[in-house]
Amino acid sequence: MKNNIKRIDRKLEYKGVIVDFYTDYMQMPDGKVVKWDFISHRKGAAAVVPVMDDGKILMVHQFRNALDRMTIEIPAGARDNTMEDTKVCAARELEEETGYRSDQLEFLISLRPTVAYDDEFIDIYVAKNLKPGAQHLDTYEFVELEAVPLDELCERIYAGEIQDGKTVAAIMAYKNKYA
């Protein structure tokens, strides 16, 4: 099927810290012009599945404003700039959020979490051979750590306790590849 949809204009509506919000004016195959929302995630992101020596996965609990509640997720964050290698970002986020470092980071999957309206991508890595260090949380970050067996994480996903898309995809991909 040939794509006969064409963007004819893009208007910046709001410039944020991490994302910019646009209105796109799209010409449809029948010639009509419609408005679509578009969110640009300027930097992209990386995440990491931190695997402890005993096989448990180190998870972070943190408050998410969009949901107005605490969530359980894998460590993740935005790249410092568009040139930063996502592996470097993943290593940094691992240490910042958990206090652990790893000399064994392996690429797992790349995600486009919300293709309907934004261009964000998240590269996800697996970290093994974790070495304790110190957390370096941003001033607005308050996280609690929990080491969880893989089977329990899957149960919590199916129970609806874990709903974060990157975390669900990462845990399932990790289980499929390594367990």
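It should be emphasised that the depicted structure is a prediction, and the values quoted were computed from it without experimental measurement.
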Point to revise | Lys177 vs Glu106, salt bridge (Lys or Arg N to Asp or Glu O under 4.0 Å): CA-CA, chis, key distance, verdict | key: CA-CA 12 Å; Lys177 185 172 183 179; Glu106 180 183 330; 3.2 Å; yes
Check your understanding: Hey, is the main chain of Met59 close enough, under 3.5 Å, to the side chain of His61 for a donor-acceptor pair?
Key -> no
Point to revise | Test: Arg92 and Glu84 ion pair at under 4.0 Å | key: yes
Review point. Cationic tip of Arg112 within the cone over Phe121's six-membered ring, i.e. under 6.0 Å and within 45° of the normal?
Key: no
Check your understanding: Hey, does Tyr178 have a side-chain heavy atom less than 4.5 Å from the side chain of Leu108?
Key -> yes
Practice item. Find out whether Leu150 and Tyr174 are in side-chain contact, i.e. whether some heavy atom of one side chain is under 4.5 Å from a heavy atom of the other. Key: yes
Practice item. Could you tell me whether Arg79 and Asp85 make a salt bridge, using a distance below 4.0 angstrom between a side-chain N and a carboxylate O? Key: no
**Study point:** salt bridge (Lys or Arg N to Asp or Glu O under 4.0 Å) contacts touching residues 158-174 (sequence neighbours left out)
**Key:** Glu73-Lys166, Arg156-Glu161, Asp164-Lys166
Practice item. Kindly say whether Leu130 contributes a backbone atom to a donor-acceptor pair with the side chain of Ser102 at under 3.5 angstrom? Key: no
Practice item. Would you tell me whether Asn129 and Lys131 have side-chain atoms, one donor and one acceptor, within less than 3.5 Å of each other? Key: yes
Point to revise | Short side-chain to backbone donor-acceptor contact, Thr71 and Gln62, under 3.5 Å | key: yes
Exercise for review: Is it possible for you to check whether Lys11 lies under 6.0 Å from the centre of the six-membered ring of Phe38, through NZ or CZ, and within 45° of that ring's axis?
Suggested key: no
Study note, to complete from the structure: Phe107 meets the ring pair (Phe, Tyr, Trp, His ring centres under 6.0 Å) criterion, sequence neighbours left out, with Tyr125
**Study point:** Donor-acceptor contact below 3.5 Å, side chain Glu95 vs main chain Tyr100
**Key:** no
Review point. Does the Asn81 side chain pair with the main chain of Met83, one donor and one acceptor, at a distance under 3.5 Å?
Key: yes
Practice item. Sequence neighbours left out, what passes side chain to side chain contact (heavy atoms under 4.5 Å, CB included) with Asp54? Give chain and number order. Key: Met52, Lys56
Exercise for review: May I ask you to test the Asp80-Cys89 pair for a side-chain heavy-atom distance under 4.5 Å?
Suggested key: no
Practice item. Nearest 0.5 Å please: distance from the CG atom of Asp118 over to the NE2 atom of His41. Key: 7.5 Å
Check your understanding: Atom CD of Glu120 and atom OG of Ser40: how far apart are they, to the nearest 0.5 Å?
Key -> 10.5 Å
